[in-house]
Amino acid sequence: MSFRTDTAYVEDVSPGSGVLPPRAWYAASDAKSLSLNGSWRFRLSDTADAEDDSFAREGYDASGWAELAVPGHWVLQGHGSPAYTNHLYPFPVDPPRVPTENPTGDHLRVFDLPGDWPDRSDGGAVLRFDGVESCARVWLNGAELGEFKGSRLPHEFTVGALLKPAGNVLAVRVHQWSSGSYLEDQDQWWLPGIFRDVTLLHRPAGSAPDFFVHASYDHAAGTGTLRVDSGALGRVSVPDLGIDVATGEPVTVPVEPWSAETPRLYDGVLAAGGEQVPLRIGFRTVELSDGLIKVNGRTVLFKGVNRHEWHPERGRALDLATMREDVLLMKRHNVNAVRTSHYPPHPAFLDLCDELGLWVVDECDLETHGFIEQGWRDNPVDDDRWTPALLDRAARMVERDKNHPAVVVWSLGNEAGTGRGLTAMAEWIHGRDPSRPVHYEGDFDCRDTDVYSRMYLPHAEVERIGRGLDGGARRRRELPFFLCEYGHAMGNGPGGLADYQRLFEAHERLQGGFVWEWIDHGVKDERFGYAYGGDFGEELHDGNFVCDGLVFPDRRPSPGLVEYKKVIEPVAIEGDPVGGAVRVTNKHDFADLSALAFAWAYQVDGETVASGALPVPPLAPGESAEVKLPEPPAAAPAGEAHWTVRALLAAGTAWAPAGHVVAWGQFAVSARPRPSVPASRGPVRGGSLITLGPASFDARTGALRAIGPVAVTGLRLDVWRATTDNDDGAPWQSDVRHGPLWRELGLHRMRHRLDAVEVAEDALTVRTRVAPAAREFGLSAVYRWTADATRLGLTVSVTPDGDWTVPLPRLGVRFGLAAADRVRWYGGGPGEAYPDSVTAAEVGRWQSDVDELQTPYVRPQENGARAGVRWAELGGLRVEGDPEFFLTARRWTTEHLDAAAHLTDLVPGDTVWVNLDHALHGLGSQSCGPGPLPRYFLRAEPARFSFVFSAVPA
Ligand code: IPT
């Protein structure tokens with residue numbers, strides 16, 4: 001045997017050689033299989049040709065090599081490090097050439113066949129790789145099987161005659177960079193390795209080489225038609241439907257259809273040769289009619305998310321439990337659709353979508369975004385030499401995933417410009433599977449696609465499209481629309497989801513959207529908590545742009561997800577309960593309300609004084625009914641009263657237990673009495689202090705010192721917040737980006753000039769002007785203090801002067817308390833809320849400790865505000881607001897928060913800093929999309945707000 005070091009295949013644009021044609025994936029049949037996951041031997045070299053291929057021969061001694069977990073990425077197991085870029089290629093763009101520095105991982109695994117492995121003489125075994133990034137060359141027992149590219153796609157080799165009962169040597173050489181890397185420029189970490197399963201499968205003689213389950217539903221007749229095409233003669237049986245037919249033979253029977261809301265699957269078997277393949281059949285028909293995507297005759301509204309595969313320790317090597325957790329979390333948050341951005345996921349994820357019910361836009365492993373830097377010149381998708389690779393990718397996705405009822409749309413890829421290669425892919429897919437529409441966002445004329453799709457459009461433009469006023473190519477005008485990405489969930493946000501949802505529900509052509517994105521790709525890291533771009537010394541990187549998910553890296557839901565759940569809830573509970581009724585509307589597309597139970601509660605000042613069940617008819621989708629509420633309880637105490645009506649799961653489902661809240665509505669019945677302090681005590685000067693009721697002030701500066709026993713420091717007007725990723729915005733935004741502008745104008749370094757301390761008979765008045773150095777604009781802030789024996793009133797009057805060209809980040813007061821831990825409040829909760837992300841805030845009595853009030857955005861930034869707070873108690877102080885306020889409390893200052901780059905930079909001090917905000921600027925989505933809608937701007941305008949403070953036992 002001669003040893004080779006030739007590496008031409010790495011830069012060859014071909015998708016590979018020696019690989020079997022693609023076919024349908026299924027988890028397990030009764031044929032034997034052997035998982036080769038586990039501990040492998042591993043050696044890393046710097047270049048593709050540093051080592052020859054002698055390691056692949058039998059008897060090679062790899063005992064000195066490291067051990068590596070497969071599936072896994074070597075860079076997450078101590079060999080090299082991950083690197084993050086959004087769209088920039090981390091190597092010189094010279095397709096299809098890749099750098100000489102090309103980390104190459106040699107993987108070795110020696111295995112025995114189990115004793116019951118069938119006779120090897122039939123030659124029927126294949127070796128399957130479900131995902132290897134980015135290029136692999138494979139040997140078994142010293143014989144080369146071939147090599148392939150296409151990282152998130154399966155590749156199989158036939159190996160039958162090479163197998164031995166014991167001591168089989170499987171050798172895999174994996175190169176980080178290859179021509180394939182040019183097609184895989186997705187916004188994510190570059191993570192080489194064998195990151196999905198490796199399996200040896202026995203293929204009994206006569207078994208189906210492939211099969212295509214066609215299971216349609218005729219919604220007029222209520223029947224399903226099943227036909228399983230297969231390359232082999234076989235029989236298809238579905239016992240529950242009494243079906244037993246030959247492959248290729250159609251059969252029509254009455255069935256319950258499959259939908260994401262009612263994921264009815266029928267178990268079947270395809271028996272061909274010596275193999276019984278389990279089928280999970282969902283009957284459903286996707287069609288484009290009346291310019292809409294319809295399933296089983298009904299228009300669907302996608303309430304979707306973009307899902308990358310992510311685990312903070314294992315990267316894209318996801319285990320089944322994590323995949324299931326994703327689906328359960330989505331279902332529990334009313335998400336009904338997933339775009340598999342930007343590559344086909346582990347195939348088991350699609351099984352879960354079939355089983356638990358999610359609409360799937362299955363996207364091909366294709367993105368060439370970095371070519372935008374050169375005006376898309378030399379883009380592989382517009383170069384015929386690359387078309388075979390593109391077609392191979394399309395085929396590997398479609399063939400693998402074609403039997404999933406959940407997959408309702410094929411997507412060609414993401415951000416790859418336009419070109420003939422994309423057209424070829426679309427043509428091939430349309431020919432192979434005319435039963436599903438084809439999506440691709442990058443071609444606004446929709447030459448190859450069946451749906452008009454855009455990303456991050458502002459509300460106004462979405463509305464124009466909804467009204468059909470967007471013009472555009474003739475073909476496009478007839479197509480349905482969805483936002484394949486919107487609501488950029490980077491850091492605190494997104495804002496404006498409810499405003500989008502209103503548009504989607506108002507205009508039929510708008511078939512919803514997919515929030516960007518599901519999970520923060522933070523890498524668990526001792527130094528930082530979670531690492532992001534740049535933390536591994538990358539030459540080029542895009543910082544924390546990789547942390548833009550609705551769940552944190554550990555899958556804790558962020559406030560954005562809680563908001564999204566409320567915004568997309570499938571039951572609307574609205575109305576004017578003063579009239580004694582609520583209007584309940586079923587917003588499902590398929591399910592009636594029979595799975596839900598309704599409950600009411602009558603609350604006074606946030607305490608439930610009566611509650612009960614609310615009978616609601618099992619409304620059909622789209623139906624709505626007035627439902628009478630009971631009489632308000634006669635003995636209810638006086639105070640601010642609310643009705644709260646909830647829709648709960650009546651019984652446990654596969655994705656949540658009985659009692660899980662699906663939707664809710666809350667209605668004020670009576671207004672809250674406004675707090676005030678009749679000024680029965682006047683300020684008294686004594687030495688260096690002024691006393692006023694329970695409070696004392698510095699006589700010279702008018703600064704509040706204490707309220708009863710509670711020391712208060714630094715109370716003053718505050719307009720600054722640690723800018724959010726959405727405040728900072730993305731550099732390519734054409735609109736004004738407020739974060740950078742605020743900083744440029746100096747809003748983070750406001751100076752407070754003391755103009756007067758006025759002691760009058762009934763009040764202490766402190767006059768100030770608040771303004772940044774170097775600017776002529778400012779705010780006059782007047783603090784008027786009044787008191788009775790136990791309570792202290794503060795009214796702040798703010799008047800802007802000069803030329804204010806920007807909104808304010810926040811407007812309120814902040815102060816420090818020496819000690820505070822428990823926080824109780826009456827108002828919006830339990831979680832964080834901001835003006836354009838506030839629908840999930842429920843008025844009630846809540847409590848927390850200061851640490852729990854913090855939202856752990858991977859890059860620290862403004863967070864944790866509780867909205868609509870009527871009163872709060874912390875650190876021995878009670879604060880009532882007139883009007884309601886936003887409450888924030890943290891163990892560090894805004895300045896510390898602003899300076900922090902990672903969660904580990906936040907070190908608690910002795911003081912708890914409290915912000916009581918009259919108003920906050922909206923969040924928006926400008927870290928990639930539009931900023932807040934103008935109505936969520938906090939404009940510099942005259943404002944007046946009041947608080948009543950008193951001491952309470954801590
Ligand atoms: C869009 C990409 O499609 C997505 O992968 C991600 O990068 C997202 O932006 C931002 O997080 S492309 C956008 C720059 C228009």
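Just so you know, these numbers use all the heavy atoms, side chains as well, and skip hydrogens, waters and symmetry mates. Note that the numbering runs from 1 along the sequence shown for the chain. Here the structure is a predicted model, which means the values were calculated and not measured.
The salt bridge (Lys or Arg N to Asp or Glu O under 4.0 Å) analysis of residues 223-236, with sequence neighbours excluded, yields the pairs R227-D229, R235-D244. Applying the ring pair (Phe, Tyr, Trp, His ring centres under 6.0 Å) definition to pairs two or more places apart or across chains, those involving residues 405-455 are H439-F482, Y452-F481. Within the structure, ring pair (Phe, Tyr, Trp, His ring centres under 6.0 Å) pairs that include any residue of residues 232-272 comprise W258-W359, Y266-F283 (at least two apart or interchain).
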Tell me, with the steps shown, if V251 and V238 meet side-chain contact (heavy atoms from CB on, under 4.5 Å). CA-CA 11 Å; V251 52; V238 187; over 6 Å; no
Test ring pair (Phe, Tyr, Trp, His ring centres under 6.0 Å) on W655 and H660; report intermediate values, then the result. CA-CA 10 Å; W655 46 270; H660 166 84; 5.7 Å; yes
Could you please spell out the steps behind the salt bridge (charged side-chain N to carboxylate O under 4.0 Å, His left out) verdict for D210 and K402? CA-CA 11 Å; D210 186 19; K402 58 187 179 286; 2.9 Å; yes
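Residues satisfying the ring pair (Phe, Tyr, Trp, His ring centres under 6.0 Å) test with Y486, not counting sequence neighbours, are Y500, F504. Under the side-chain contact (heavy atoms from CB on, under 4.5 Å) criterion, D187 pairs with Y84, N86, F545, sequence neighbours left out. By the side-chain hydrogen bond (donor to acceptor under 3.5 Å, both in side chains) test, D130 is found to be paired with W25, R128, residues two or more places apart in sequence or in another chain being considered. Remark: T225 pairs with T252 by the side-chain hydrogen bond (donor to acceptor under 3.5 Å, both in side chains) rule, at least two apart or across chains. Residues forming a side-chain contact (heavy atoms from CB on, under 4.5 Å) with R280 (at least two apart in sequence, or on another chain): L265, D267, E355. Applying the side-chain hydrogen bond (donor to acceptor under 3.5 Å, both in side chains) test to E363 and every residue at least two apart in sequence or in another chain returns R339, H342, S411. A search for side-chain contact (heavy atoms from CB on, under 4.5 Å) contacts involving T299 returns L292, K294, E508, Q511, not counting sequence neighbours. Taking the side-chain hydrogen bond (donor to acceptor under 3.5 Å, both in side chains) definition, one finds that E415 meets it with nothing, sequence neighbours left out. Contacts of P22 classified as side-chain contact (heavy atoms from CB on, under 4.5 Å), with partners at least two apart in sequence or in another chain: A395, R396, E399.
Taking the six-membered ring where tryptophan is involved, the planes of H308 and W516 are perpendicular, since the angle between them exceeds 60° and thus also 30°.
Counting all heavy atoms, side chain and backbone alike, E517 lies closest to V546 at OE2-O, 4.3 Å. Taking every heavy atom of both residues into account, S151 and F195 meet most closely at O-CE2, 3.4 Å. Smallest separation of non-hydrogen atoms from V236 and L270: CG2-CD1, 4.1 Å. The two residues A591 and T262 make their nearest non-hydrogen contact at CB-CG2, 4.3 Å.
Put simply, the side chain of D445 never gets that close to the backbone of A473: no donor and acceptor are under 3.5 Å apart. Under the 3.5 Å distance criterion, the side-chain polar atoms of D185 are left unmatched by any main-chain donor or acceptor of E367.
Atoms NE2 and CG, from H404 and D354 in turn, are 5.5 Å apart once rounded to the nearest 0.5 Å. Of the inter-residue distances, the one linking L301 atom CG with K303 atom NZ reads 5.5 Å to the nearest 0.5 angstrom.
Counting non-hydrogen atoms of other residues, nucleotides and ligands closer than 6.0 Å to CG of L233 gives a total of 12 or fewer.
At least one side-chain heavy atom of V286 sits less than 4.5 Å from a side-chain heavy atom of P437.
Between H219 and Y217, the distance from one ring center to the other does not fall under 6.0 angstrom. A distance of 6.0 Å or more separates the ring centres of Y564 and H333. For H155 and F129, the gap between ring centers reaches or exceeds 6.0 Å.
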